[in-house]
Structure formats: C-alpha cells, structure tokens
Amino acid sequence: MRVKAKRDIIKRQLHEHRVLLLGLQETRIVGTEMPPDQDFLMMQASAEPNGHHGVALWISMSLPYATVQGKGMVFRKEHCCVTGFSSRHLVVQLTAPYISWTVLVAHAPSEPPAPPGASQAFWAQCKKDLERRPKGSDIIVLTDANAWLGSLVSPSVSDLDLESENIAGEHFHHFLTDMDLWVPSTFRGNHSGPSTTWTAPTGHEHRLDYVAVPLGWPSDAVASSVLVEFESLQVGQDHKPVLMRVGLLAKAGVSRGKGAYKRQAVRPAADAHSPAYVATLASLPSAPSLAWDTCVDRHYAVLVESWHKAGEEFQIQAVAQPQQAYIQPHTMSMVHARRGIREFLSSENSELRRRRLLLGFAAFLHLRQHTSFSADAVARYADWISTSHRRIASALRMVRLVGFQLRQAVREDRAAYLDGLVRNITLSDVRDPKHLFRAVRKAFPSAASKRRQAFTPLPAVADAQGVLAPDVDSQRALWREHFASLEAGEKLEPGQYAAAFNSQRTANLEQQSCFDFRIVPSLTTVEQSILSLKRGKACGQDGITAELLRHSTAMSARALLPVFVKSILGAQEPIEYRGGALMPLAKKASAAFSCAKFRAILLSCVPSKMLHKHVRNCLSAHLEPIALQAGVLPGVSTESIALAARAFQSFCHSTARPWALLFFDVRSAFYRVIRQLLLPVGDSDQALLHLFHRLHLPPASVTELRDHLARLATVTQSGCSDHLRIVATDVLQGTWFRLDQDTVLTLTHCGTRPGDGLADMFFGFAFGAYLKAADRALQDRGLDTRMPQPKQAEPWPLESLPSTIGAGSWADDFVHLHAQGQPRGLGHAIQQIVSVYVSQAAAIGMELTFAVDKTAAMVAPKDKVRDCDWPGATDADGSFLWVRGHLSGTDYRLPLVHAYCHLGGVVTETLTPAPEIGLRYSLAANTVRSLGRKLFGSRHVPLGTRRCLLRSLVLSKFVFGSAVIRFGSAIHFRNWARYYVALWRALHPWVATNKQPHAYQVLRTAEAPSPPLALALARSVLLRQIVAKGPSTLVRLLWVQWEHDPEGSWFGALVRDVRHTAQYVSAARLLLFAKCPLRALLETVRDDGMWWTRQLKKAAKVFQSDLDHWANEGGGHAAVELDEVVALPQPDSSFRCSLCPAAFPLRKHLAVHEARKHGLISVTRLLSPGPTCLACLRHYDSTERAQHHLKSSHACLHRVARLIPPLSLEGVQEAERDCKRRRRQAVHGRWELYKAPEQVQVAAGPRILTAHERVEAEGEDISLQTLARSTPNIGQFLGSPTPIRNTSIGLWGYDKEMETFFEANPGFKSRVPFKRLDCGG
C-alpha cells in the first residue's frame, strides 16, 4: 500500500463497486497515522517491528452514506474517532448525522500455528473495545477471521458452503453471538456466487474473510458476494475481498447530530473582477444599519453578513488545477490532447476486437452450414483489418510524439517556474529557506524532505489513564479540558458568556475616560495592513479571508475603518475578535495520542489580526527588554544571543575563570502567563487560585503572590498612555476559544493567546519582568556575575550597559551566564541560581521542564574536579544536580550535559565546534539529498537557476549560521571548508569517487567565494547588526574576549578576515596599516554599515577572476587521479615517494599517494591497539586520542615501537571502529551523542620492558627463549605483510598547509594545481 500506483488501481475498483467502507488486513505498513488522500479517509494501525500484520480502514469521502431531502451525506474526518487499535485490529467510531456506527477491522490469529488461547484472547480484546461504544451504535465487523464456519448453525451463522468449525471459528462464533451479529455470507438468501475467499499455496480454497452486521438489520436489505475478479496486485493468488451491499433507511430514533460552528471561507480568484461587488462594498459604510451609534458587535455582525453575500456571488467556483503548480495552460492542453488520443486508441482497439469477434462468429456459422467465405468478403475483411491497423499505428505514433513534446513542455515550464523563483528571491527568502523550499517542492513533488511534513495522526486521544476516548464528543471534551487547563479556562453554558464578560469589565477599577489620538488607526494604516496580508491563510469563523480583503483594498479599508475606530475609541473590540477556533496539531511526526503531545493554533478572524497588529505596534515603543532579551523587537537575531553565550564561555576559558551555562526551557510559556502580571484585567480570584493549585503552591503563599502580581502590572509601568493601557486591557478580557467544528465555548483567564498578533508582545513584557525579578534575587544572594571591565575602552560608548551579566533570551528560550573567581562552591551556586529561577517562574505562573534538551547545566570538566564540595551525583541517565523549588518545595533533577543545542547551534563544554559543524552540514545535506539529482545536478535546468537555488536553499543554512562558530584549531576549519565545497559539488553530476572536479573548479562553476570569504561575508552581516543594534552586553563580551584571546575570539576572526581580504582588495590593506585594525574596522562599519560587506563582495569577484586565470592555465582540465598529477619530478617537488618515482610539493599529497597507491599506513595507527599508551601507561577515552599522543610524543612512539609488533589492517580497523562510528554520527548531525574527553588517567603498575631493558635487568643470565619473545625494533618489520611508513614519518608535526590552502590566492604562480585536495574534496 505504500505504492501510489497500487492504491490508485484499488481505489478505481472501489469506485466502480461503490464501496463505502473497506477493511484491509496484513498491510505491513509501519506507522499509525492517516496517509493523505483525496478520496478516502485512510486510518491505519502500524505493523509490528518485524513487518508483520497491520490493519487499515478506508472510508469514502465522496460516496454518500445517506440521502436527506435530495442532499447526499458523506463522512468527514470530524465524524471519526479511533477507540482501540493494535497490529491486528482497529476500532473506529463513526458519529455523523443520522448515523452511529462502530467499525471493527480485525485480523484474527490462526490456531495453530498461533499458541493456544491466542484467538480467544484476541476476540476478548475486540469485545472489550466494542463494549465502550456509545449507546445505540451499530457494530460492523470487517475481518480476516482465519475461521471455518457452517458446521454449527445459529442466528449468527448459517450452513451455506459449510466447513467443519476450527478453533478460530469457534471463538469467532462465540464473539458473533455475544455481540448480536450475523454473517450474511453464510446465509443462502443473502449470498450469491462462490464463497471461498482464500487460496492456500497447495491450491485448496477456504472461506476466511467475513463481514458481520447487527442482527437487527433486516435480511432483505443485505446482499453478499465475493469479488473474484478484484485485482489487488498480489504476486500470487491470495485473499479475495467480500462485498456486502446494504440498503437501509435511517431509524426514527437516530439523532441528527448536534450543530457545529463551521468556518466557510470566501476566497475569490486573484484575477477575478466584479463591478457589482465593488459597488456593494462602497455602499457598506453609508448603510443605515452601520451608523456610528451602532454597537460595535452589531456593526461588525451586519458588516460580515453583507460582505458574505457580496463575496459569495463574487466567488468563482474552483476549477480543476494541475497537481504541479508550474504547469502552464498550453501544456495542460497537450495533456488533454494526449488523453483524447489515448481514448481514440482505446476505441480503435475495441473496434478491432469487435471485428475479430465478428469474423470468428461468421466462421462458426460457415462451419455449421458447411460453407466458406467469398472472395469479396475476404477482401472486405482484409480492408477492415488493414484500416484498423493503420489507424492504431497512427494513433500510437501521435501518442509517442505528443508524449515527447509534453515532456519537453513540462521541462520548460519547470525551468521557467524555477527561473521566476530566482528572479523573485529576496533577502527574506534567504532568511526563511523553508518557504522557498516549499515553493521549489511544487516543481519536484516527489523530492520528499527527511522529516515527514504530511504526517496526520489518527483521530484518537487518550485520557490521563491512557484510555482512548470512546466517541467524538468525549474526544472533544478531552481536548477542551487539556487546553482549558493550560489557559485556566472554564466551560460556559449557552448564555453565560455575557455575564462573565461584564463581570470582568465592571471589576476593573482602572476604567476612566481618556484619549490618545496616536493610537487611533488611520485609513492609510488599515490599507497597509491589508496589503501585507498573505494569501491562502486560514480564516476565522466570520469567513473573511485575505483574498477577499485584497481584491479591493481601498474599499475594504473604508469598510473596516469604522469598526477599528470604534474598538479603539470605546476600548471595546467585537466579541468575535476575542477568540477563535482552536485546532490541535501533533508536535512531532509520530503516533501521538496524549494531549500533551499536541499544540494548538488559534484560528482567529483576519480583521482581528489586523487590529491587534496595530495595537502591537503601539505597545512596541514602550517595551524595554533587558540587556540580552530578544525575540520581540526587530534588530537582534538568534545569532547575537548565541554569540553572547559562546563569547562568555570563551572569555572564561581564556581567563581560567570557573563558569557555568544554565539553559532553561519554560513549559507552555505563552499559555501560563498570569494576565494580572501585565494589566489589571479585573479577573476573579478563582483563576489565580486554580493556577496556584496547578503549580502545587502552599496556601500560605497565595496571598503574598497575589499582592506581588498586583504591584507589578508591567504594561502599566512601561510609560504607555492611559488610553493605550485601557485598550490593551480590553484585549485580554473576555477571551475565549471554541474547538473547530464544535459548539462549546471556553472562557480563558490565563496566557497571552498564542497565535494572536499580540501574544509575543505581551509575553515580552511578562518575560522581561520575570528576568528582572530573577536578576534582583540573584544580586540579593550575591550570585550575580559582574560585567567584566576592559583594558581599553571600546571604539564607541556603550549605552545602557548593565553592571551584571544576566540571562540571554530569545523568546522563551534563555540561558544564564555564570562565572566566579574560585572553583570551590560552583556546584552549590548552580543549585541556588536554578532554584531562584524556578521560584520566580512559579511566582508568575510559569513552570520549568528539566531534561537533557530542556533545562540543563553545562560546566567545564576541570571545574567539576577542582570543586572539592561538588554536590553532583550520577545515575544511569548521567550526571545531575538536585535543585529545590522554595515555593512549591519540589525537588528537580538538573542534568549536566556535555553538549546542548542552543538557538540552532551546539554549545559544548570543551568549546569544540565539531558537533555544530556536523549538525549544520547534515541539515544542509538533507536538502541536497532530496533535490540533488532532480534539480541541482540536472542538466535540463539552467546552471544559473541551479546555482541560485542551491545558494538560497542549502548554503544559506550552512554559511549564515556558521558566523558564530569559533574554530579553535585548523582541523575544524578544514572540515568546514570541505563540507562547504561538498555542498557546492551538487552542481556537478557524480561520476566516480576518484574523478571529482577540483575544489577550485567547483567554486568556479558555482561562482561562489572561497570558504574564508564566505565565512567573512556571514560575519560581516552579523557585525553590521551588532554595531547597529547591539546589544551593549554582547559588544562588551566580544571586546574583552578579544583582549584576552586575540586569536580565538570572534573579533580576532574579523581581523583574520581583513588579512585574508587584503590580498584581493586594497581597501583591506589600508586597515592593516592602522595601529589597531580591529578598531579601525569597527569605526568604519559604524559610519557605513555596508562598507565591509561591499569590500568582501569585491574580493569575491577578484577571487572568481583568479579562478578563471587558474583554469586558463590548465588547472581546470585535471581529470585524472591524484597519483597521476605529478608523474615526473618537478623543481619544487621536495617530497618523493620511496616506492615509485612520483614526487609532490606537499607532504600531505605524498601521504595520500602512499596510502592509496601503496597501502602505507601511519605508524601511530599501527602502534595503537587501544586507548592506552603502552609506553607511559596513560589511558585516554578513545584510540584516536592515543594516536595523537603518540604523534606528539617522540619518546613514547619509539618505546612502543620496541614493545609490540605493528597491528594488521584488520587490527587497525577494529581499534578505530568506535572512533569512526562517532565521527560518522557527528557528520549526520547526532550532536546529542557528543561526549567531552575525559581526564587522562595513569594506570598503576610496572611498565612493559623492552628487550634492552630486560637484558639490563636480568644480565647475562637471561634465557634465549625469553630473549626471543622480546619485541625487536620496528625496523625489522619493514618486510612484514602490513605496509608501514618509516618511524620518522609519524613524527612529523602539524601541517600548516592544511589550514592555508584556501588562504592563498589561486592566481599566485606558486600554487601548483592539483586535481583534488583533502580540504577541497
């Protein structure tokens, strides 16, 4: 069923037989979900991990289950509720108007070979699930029962085509009797045709598949048969489906069903035009029912009603669109033409078959009459056949010709579509590659990304005990209770909302008359807001869409302006603006049935979003975030906050100060904000009591917390006008939600209404107050981190620089930066700091979650050892600290992590960037993997289009995020450069591993800058943002980091960028002549923010011209292997192979040649059987570290060479298996598996003696046998089967050329062109 073509063939046969419900057994599909389909609701229960079993139920969405007053009633997703499932059964409750069915799809075990009692236990579980059905619901069973029936007759089973009842049949028969069901296929009056449904491999046939219905269904309305000719595309002859036709009238007592609020969007076509609609819209503001003295709720209701009538007449019925959006009308005409030719071909084949049948019938008559064909008849028939053959051949030729032209047209349409995307790409598209990727996927629908974006969970939800809801109403009740608990909601009965809303408004004592003309929206503001709306977005329950508003922007703005002005002047917006439809969405692509695994989106009306966006703009001028708080106001990106944490960590590392990074995660942050913390909303104390009870706070602290919240009122203290404060207060009063397709209203008392335009602004005020309160509490306890003082002043004065370093936050994701003078007491300080944050969060209604990817701590490994009072503990899940919340008295387990994914990057406790480089490369490579050959490497798409899309979709993910990476050593930059070139290689179709183009050729084809220039461009964008927007704390941290670590700091990387760029442009060389190049660069960028970016772009152009010069000199024609690059010795080839005449200018080229051509292996690898050095007995946590130790220690390498013989190739692979596995995992982005290197341990015990030491120890009395067992010099093993290099080769130091390959200008004469280098390929 995973093959789309197979599903389409089955669906076509189901449409022919008018099948409403289809039960499938043994689907063998892993995944409990609803696959997307246009014709059927497909609900499937996953197979077992070994691939066996799996069941599914298909429900037709086009075939009516009933007809009421001439209108067909069809099933929809909201009618379905899964109440039980396993790999062998699926129970679905269908509750629709006039219908209540419980459908069981079952695949019963067969005894034998199943163990005894398996069949009985299976039907008992099915019975248990069915007994939970709503009262009066009819049961329908679609099953492969593996049962033989008929030998025992009962009201449930008759004797048609009877078989001796087996064990499975006995239990199935009992199940039918207990549930009052009968099987029509066993009754002579109801079944027609053959009865067998399964053919054994031996050829024997049995009846195993059944459809069971209630005994109350009349027998004359039920007919059963077996679809013998049904094509299921099985390899061998297997099961044949059972078809049951039912004709029933709705029972008199069956309920029609409850009403529901449905969102019916009005979406006119973008190019549609209607003068009548424009005239109606222009007359709306002057309508008598929309006068200025009309209540705002009545005004908006009449406006929406009139707008709906005008829009529905204007709305054009949707026409069939091609599945590929890029297909042009001319190409679609070719599709229709080819379809017509194929229909003509089919009719001609049918006519040819008819004529042949006529010939056969005529021949039969002649045979019976003992006559023969006349010559005229033979000639006429020959003419018939030849004419048909010519027409069929002509049609086949046309099909082939039109098919070829169609493929060409589709290819041209796709290229034109992609070219249009390239022309329309802006900086916003680069910053949001997901949107651009979705647009590209329209041209390549089959190129699926790694993550399954189309995942839809089954319509099922479990309660707190893990029991699935038995029907749709119970399911909605569980959703309502869950989301109401997040926002302190209360269920309202019809008519109660008005009283509840009025009590909130009258309880607010701050209401007073005031006016601020600056917050009153203007006509221009409304028009601009309409123009900024995006098409295709969901609408609210009023049905007003962006398409409808944008059709006539001026008229729409004039119609909405009175509503907006009334809402602002009267500080009372329409009730429709205060809520919306709530729709739950699964957080992850997995089988999720717990409410906690879902998040909700609020589908509010579009005009309310416009009004709240205006109020948000007014409030944004009064938000004053703390030093490192970002995510609400524009100007500060996630990279700035991530860079602040890394700069602080690097600064403490360079100054040897004990440090800790404390990462925090707030559970359902936007839902848990107490509104009294923001504004005096006039809510009752019941909501606060409910919230404090949920947080398990003691009763003694409730009064204190209530008074504390009343004193805060952060929006009131922000300095905004009274009029704006009252309007903002009104927005948070009377808020409600209603589940989509439901009727029950829920009044909410907590949260900032996630999904609303004002949610992040209100959260910014509340979260800022939380961080300020936590910072004050830390200062009172002496746990704050003082702002470091620089040795020299920054290039410009820093405004609003705090005296302490607090937390850096982006929205609700924040990290606390802590440092202290001595390592002693670091663990206790971490416990106290986290306890402060936990208590302050509880005081404002928030709650922190503790896990390795939620709230966790990171500490330098050496500081944990140096803290003699370290309070940490270790269990099976790793190291942790206990933290107590003072308000609730709860103890929390704070994990200590080696790596943490923070704001898209990975922070490690050893400052190594390897996990982050691997993560960013894996994210970028996923896109290349899905679109590589179909787009980036396709020669049918113009190179310019492929180049631009690859840069926007892939390289933007990799390069821009790498601007904050600190490359502590050259090996990390080498890996980054290698990945950078590897991503650009997608433009070159893959040929062979040893025939890849040179790195310079790859960059020349891509018109891409070199890796150092690409990183410099990314840093220049971030530098421009930091200089313009700060924050000041980040500038101070970067400056002191540079003062203490010029080479490893982020500002130091800018200086290296200047040095590298100086070889391309003269302006960069002028900076190097300054006394302080960094200060000169910062001052220049402060005066002209784009200056440094322009210089880097000029350098990239010079780099491209140098690549052209390199290619013209023959560098681009290298198409041979590395071993053949230098066949003859050259003057500058100072490294010669000892086994062949080849010579190389660089040592690493010689090493690659020896390894590939002659199989030589480094001595350090041959002498490292494990993570312990046999010479000095130092134990490392990996074999790779032991090899590095031998490479850097001349004495240990020579000693080990005299202790053990070299390993075999298999031994080397075995010793390095774990290291290579971890390296592969890092490349695939498995950052969570990173583990910091452990402290080196020295093994206790005597060292192994060499032969010379044993002779010296034992003297001349040593036996010849002992002397023979002693390990000789490694030189004696040069003739061994394992090829090794000379010992001196293993003593070579670090090769600086590894780092400087891309640092040099490719246009320099000294650069010898090689086909492929390690850093490039």
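For reference, positions follow the sequence shown, starting with 1.
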From CA spacing to verdict: side chain to side chain contact (heavy atoms under 4.5 Å, CB included), L1054, W1042:
CA-CA 10 Å; L1054 295 180; W1042 173 74; over 6 Å; no

All side chain to side chain donor-acceptor pair (under 3.5 Å) counterparts of Y980, not counting sequence neighbours
W984

By side chain to side chain donor-acceptor pair (under 3.5 Å), which residues pair with E1184, not counting sequence neighbours?
R1223

Looking only at heavy atoms, what is the nearest atom pair of [X] and [Y], with distance?
X	Y	value
P895	A851	CG-C, 3.6 Å
P1011	F973	CB-CZ, 4.2 Å
R985	Q996	CD-OE1, 3.3 Å
C1219	S1182	SG-CB, 3.9 Å
S637	W810	C-CZ3, 3.8 Å
V897	V852	CG1-O, 3.7 Å

Side-chain contact, heavy-atom cut-off 4.5 Å: [X] with [Y]?
X	Y	value
E1232	D853	no
P915	T908	yes
H902	V815	yes
L896	M858	no
V666	F814	yes
Q1041	S654	no
R1019	V964	no
W1092	T1084	no

Going through the checks in order, is the side chain to side chain contact (heavy atoms under 4.5 Å, CB included) test met by V1058 and T1061?
CA-CA 5 Å; V1058 174; T1061 312; 5.8 Å; no

Does [X] reach the main-chain N or O of [Y] with its side chain, forming a donor-acceptor pair under 3.5 Å?
X	Y	answer
R1056	E1047	yes
R599	L585	no
W1050	A963	yes
S650	A647	no
T855	D665	yes
H1228	R1224	yes
D813	S809	no
R946	F936	yes

Enter the distance from [X]:[atom1] to [Y]:[atom2] here, rounded to the nearest 0.5 Å.
X	Y	atom1	atom2	answer
R939	H988	CZ	NE2	9.0 Å
I965	I917	CD1	CD1	5.0 Å
L817	L1037	CG	CG	7.0 Å
L1034	I1026	CG	CD1	4.5 Å
L1003	D1106	CG	CG	12.5 Å
W1039	L1078	CH2	CG	5.0 Å

Should T910 and Y1234 be marked as a side chain to side chain donor-acceptor pair (under 3.5 Å) after you check the CA-CA gap, both sets of side-chain angles, and the distance that decides it?
CA-CA 11 Å; T910 57; Y1234 169 79; 2.6 Å; yes

Steps toward side chain to side chain contact (heavy atoms under 4.5 Å, CB included) verdict (L911, R966)
CA-CA 8 Å; L911 281 74; R966 175 185 178 272; 3.8 Å; yes

Would you sort out whether K1235 and D1181 count as a salt bridge (charged side-chain N to carboxylate O under 4.0 Å, His left out), showing the intermediate values?
CA-CA 10 Å; K1235 184 179 180 181; D1181 57 353; over 6 Å; no

Partner set under ring pair (Phe, Tyr, Trp, His ring centres under 6.0 Å) for [X], not counting sequence neighbours:
X	result
W659	none
Y900	F663
H1060	Y1064

Does a donor on one side chain and an acceptor on the other come within less than 3.5 Å for Q1025 and E639?
no

State, without any angle test, whether R1024 and T1093 hold a side-chain donor-acceptor pair at a distance under 3.5 Å.
yes

The complete set of ring-ring contact (aromatic ring centres under 6.0 Å, His included) pairs with one or both residues in residues 1002-1031, sequence neighbours excluded, reads none

Any carboxylate oxygen within less than 4.0 angstrom of a Lys/Arg side-chain nitrogen, looking at E916 and R646?
yes

V959 and R951: side chain to side chain contact (heavy atoms under 4.5 Å, CB included), yes or no, with the steps?
CA-CA 10 Å; V959 177; R951 181 184 299 112; over 6 Å; no

Walk me through it: do F651 and H1044 pass the test ring-ring contact (aromatic ring centres under 6.0 Å, His included)?
CA-CA 7 Å; F651 166 73; H1044 291 84; 5.3 Å; yes

Hey, mind stepping through W976 and S962 against side chain to side chain donor-acceptor pair (under 3.5 Å) and telling me if it holds?
CA-CA 9 Å; W976 190 94; S962 301; 2.9 Å; yes

Would one find more than 12 heavy atoms of other residues, nucleotides or ligands at under 6.0 Å from atom CZ of R1185?
yes

